[in-house]
Amino acid sequence: MDVSPLLDQLNESQRQAVSLPDDANALILAGAGSGKTRVLVQRMAWLMSMRHCSSSRLLAVTFTNKSAREMRTRIENLLSAPLHGMWVGTFHGLGHRLLRQHWQEANLPQNFQILDSDDQLRIIRRLIKAAKLDESRWPPRQVQWFINARKDAMQRSTDLSNEGDDTVEQMIRIYRQYEIECQKSGLLDFADLLFRSYQLLKNNDTIRTLYQSRFAHIMVDEFQDTNPVQYAWLKLLTGEHTSVFVVGDDDQSIYGWRGACVENIQHFERDFHPVHTVRLEQNYRSTNTILNAANALIANNQQRLGKNLWSDSGEGDLLRYYRATNELEEAGFVVDRILQHQQQGLKYEQMAILYRSNAQSRVFEENLIARRVPYRVYGGLRFFERAEIKDALSYLRLLINPQDNAAFERIINNPTRGIGQRTLDSIRNQAKMSDSSLWDAALFCVEQQTFAARAHKALQGFLQMMDRLRQHVAEKTLPDAVETLLHETGLWALYKKQLTETAQAKLENLAELVSAARQFEIEEGGLISGDEGVSEILNAFLSHAVLEAGEGQADTWDDCVQLMSLHAAKGLEFPLVFITGMEEGLFPGHRSISEPAKLEEERRLCYVGMTRAEQWLYLCCAERRRLYGNEFYARPSRFIQEVPENLIESVRLTGSVRRPITRQKTVTNSSASTQGFSSGQRVSHQKFGEGTILNAEGSGNSQRLHINFANVGNKWLMASLANLQFLP
DNA sequence: TCTATCACCATTTTT
DNA sequence: TGGTGATAGA
């Protein structure tokens, strides 16, 4: 195939990146909308067609299943042929693949299952309870966060020292117990997929060499989002003759809070030396006005490699700024504009409402519903994460692997079958005493007739049902097995007898699960056959469910306004974008204001949001906002003021006036008693010292302020009496 | 075992 | 405000 026409369509830097020498390690700093996926895809096509690299010698890694799929189809389209043997997937998906293939070497049971974060949290919660620890001192979520962060940094519990801190010491102990529990139950969490496949490669020379020599090229998308394990994993896969091609944008690093490590970009230049660095700065998405605004905003960050986006698609309209009196009015304004644009011919699906936190979506939804504008909210529970679906799948998990305590706990009395807390406690005790799984303990209790007649019968009934199910599953196809399961376990009947709307929805979801199984068998079943067939396809189905939890609600509307968090918007683009809730304390969030690194991440988030817009960009905020039941007053986000005045115009409902945005002056030591307060403002108090306003309630003389003082903690003060001084 | 009530909490999220 | 999880009582 002749690829030169493809190269012709690229700009200078893109072409340079695509046609770098085969053996070059490359770092492509690709600004928003600069065609990074295109470069990635064309590079692979170029390697295959011009350099005769076999597709099986390529490895492409992404973060989401969606981008993995997109990459695959784009290459296939480019080459007009299906791809065989090429590894394209997410870090987790590829780690999973390695571990399934080499389960013995990785010291895993063949039927190991994957935990999603919800499963993980349940296990941790149970361990904390079992250890009789105070949940307020070791909140399960924080422990979960602690464990995941440690794993992402490649630290097992045994690698950690307590640093003399009791709380940490206890966390490490829980971590230890969690590891034991997972190992016994044959369970891996998401972080394990990375960590254990990393260890597999590290400790097994044969396997490492095998893959190192297999892959001639490794391509990585969204490199700025990699965490330490992922980076180490990449390094291990890179052999003497492997070249690595990474694409990323430090300005779009918005996942630092979950372990992503932008520094990996610098590490890359050091560890993969020599590295060819190419900057892609020409943007094919937005007007210059939008780009200039975004450039000016991000220039306020200190920590960046530096990059300036430009475009040749003209200046376009000015950004618009609207400050509403409250969040209801803000929503009203946004929907007004949506309708205006729609009348001018823009489709709903070309418009997006972005916000910092998902809780903000409600007001917009209500307004959109009231005015009959179709919309879709991204985020929220996805199909395979729904409780009823996970219940059903837990039965499958327990069938495949009776050692899976997490699955056992989930379904033992669900639907209720008379196995109550007491019975369960004895089973847990028995398991502890004999160091066996809950399942084995239950078997033992039935054999030994440990329980009184009623409990005994209930438990026996459960075990017998599971035996019957195991039979069925071995004999049937996947969808039939799932359907039988739903009936045998009573899950179906449970919702059938309830007449509520939610029960109805759950029934529909369960029915959908059967079709998902059918679909899965059609798509994947052909690849699996033989004696191992049944458990193998079950395993594959369960892993698929966890790794690719599926979309949220199905699209009811074809053409609808898109509502999503700023994080969720990364990678997308829309002609018309509203960034809403741009207030100090909300965006940037109050947790980020006092920490420069966090504030810079918020600013990058804003940059991501702004660069989603192709033609029109609105920045909105409200003077007052109802949140968690009370009113917050806030001044406009500093990010609005960081947009140069000549690029933005302020909207007044009676027509628009050019630029009456009140620039916040930094008032030092002026008395503040008569001025407005807003969250995020730093103040000084005669007695309490310096602090930050968390929240303001009421106004005028009755205004009350919730202030976090560095020395004395949180206090509520009357604004009119406190005699506060503003601090810069 | 079910349900009513209360306390508590509260970015961002993919895998 | 509203959703969740724990607990008490029928």
Side-chain angles (χ1 to χ4, degrees), chain A residues 61-68 89-96 114-122 125 129 135-136 139-142 144-145 148 151-152 188-195 197 222 225-227 229-230 253-260 327 354-363 378-382 384-385 387 413-423 454 458 498 543-552 564-571 581 585-593 598 601-602 604-606 608-609 625-632 694-695:
Chain A
V61 198
T62 63
F63 274 85
T64 65
N65 293 300
K66 195 174 151 205
S67 43
T90 62
F91 279 98
H92 293 87
L94 295 166
H96 174 241
I114 308 166
L115 296 171
D116 67 11
S117 4
D118 180 64
D119 297 327
Q120 185 186 38
L121 188 62
R122 282 163 189 268
R125 197 171 272 146
K129 269 214 185 100
E135 287 206 21
S136 59
R141 282 192 176 283
Q142 266 179 47
Q144 178 183 34
W145 186 86
N148 288 334
K151 288 190 179 186
D152 286 344
L188 296 191
D189 57 34
F190 287 128
D192 280 330
L193 294 176
L194 304 171
F195 193 8
S197 58
E222 306 278 18
D225 288 337
T226 50
N227 63 28
V229 214
Q230 288 163 333
S253 158
I254 53 173
Y255 287 107
W257 53 274
R258 68 176 192 211
E327 81 281 5
L354 308 182
Y355 33 75
R356 178 66 242 260
S357 80
N358 291 115
Q360 288 166 250
S361 74
R362 256 197 44 201
V363 192
Y378 286 74
L381 267 197
R382 286 161 331 148
F384 285 107
E385 289 169 351
N413 199 32
N414 176 14
T416 48
R417 48 174 72 90
I419 303 172
Q421 211 53 56
R422 294 286 306 274
T423 314
R454 211 160 82 181
Q498 298 172 29
S543 305
H544 165 84
V546 184
L547 286 176
E548 211 168 328
E551 279 290 297
M564 67 190 85
S565 70
L566 285 147
H567 283 89
K570 191 167 85 150
L586 189 62
F587 186 33
H590 61 90
R591 283 177 169 80
S592 316
I593 281 177
K598 286 189 176 177
E601 183 153 310
E602 295 281 298
R604 291 194 292 270
L605 189 57
C606 186
V608 167
R625 179 176 299 273
R626 233 182 144 63
L627 210 59
Y628 312 139
N630 39 19
E631 295 249 277
F632 287 73
L694 300 174
N695 186 7

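Each chain gets a letter, A, B and so on, in the order its sequence line appears, and its residues count up from 1.
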Identify the pairs formed between an N or O of the protein and an N or O of nucleotides 5-10 of chain C at a distance under 3.5 Å, and give each distance.
{"from": "dA6(C)", "atom 1": "OP1", "to": "Lys129(A)", "atom 2": "NZ", "distance (Å)": "3.1"}

Tabulate protein N/O versus nucleotide N/O from nucleotides 2-8 of chain B, keeping only pairs under 3.5 Å, one per line.
{"from": "dC2(B)", "atom 1": "OP1", "to": "Thr416(A)", "atom 2": "OG1", "distance (Å)": "3.3"}

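Arg604(A) comes within 4.0 angstrom of nothing in the nucleic acid, heavy atoms only. When heavy atoms are screened at a 4.0 angstrom cut-off, Gly418(A) is found touching the sugar-phosphate backbone but no base atom. Nucleic acid contact for Asn148(A): none, since no nucleic acid atom lies under 4.0 Å from a heavy atom of the residue.
Nearest heavy-atom pair, Gly89(A) versus Ala68(A), reported as atom, atom and distance to 0.1 Å: CA-CB, 4.0 Å. Minimum heavy-atom separation, Arg625(A) to Leu586(A): NE-CD2, 3.5 Å.
For Tyr255(A) and His567(A), the ring centers sit closer than 6.0 Å to each other.
When rounded to the nearest whole Å, the span between CG of Asn630(A) and C1' of dT1(C) equals 9 Å. When rounded to the nearest whole Å, the span between CD of Gln360(A) and P of dG2(C) equals 16 Å.
When the nearest nucleotides of DNA chain B are assigned to Ile419(A) and Ser136(A) by heavy-atom distance, the more 5′-ward of the two goes with Ile419(A).
Under the side-chain contact (heavy atoms from CB on, under 4.5 Å) test applied with Phe190(A), the options Asn148(A), Leu547(A), Leu115(A), Asp152(A) reduce to a single match, Leu547(A).
With hydrogens and angles ignored, the 3.5 Å screen pairs a side-chain donor or acceptor of Asn413(A) with a backbone N or O of Ile419(A). The closest donor-acceptor contact from the side chain of Glu135(A) to the backbone of Pro140(A) lies at 3.5 Å or more, if one exists at all. Looking only at distances, a side-chain donor or acceptor of Thr62(A) sits under 3.5 Å from a matching main-chain atom of Thr64(A). A donor-acceptor contact shorter than 3.5 Å links the side chain of Arg626(A) to the backbone of Gly629(A).
A salt bridge does not link Glu601(A) with Lys598(A): every distance from a Lys NZ or Arg NE/NH1/NH2 to an Asp or Glu carboxylate oxygen is 4.0 Å or more.
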* Structure fact -> Protein heavy-atom contacts under 4.0 Å, written 5' to 3' over nucleotides 10-15 of chain B as B (base), S (sugar-phosphate only) or - (none), form the string BBBBBB
* Candidate pair Ile114(A) and His96(A), rule side-chain contact (heavy atoms from CB on, under 4.5 Å), full reasoning -> CA-CA 9 Å; Ile114(A) 308 166; His96(A) 174 241; 3.6 Å; yes
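No donor-acceptor contact under 3.5 angstrom links the side chains of Gln230(A) and Asp225(A), judged on distance only.
At dT1(B), none of the side-chain N or O atoms of Arg417(A) fall inside 4.0 Å of OP1 or OP2 (strictly under the cut-off).
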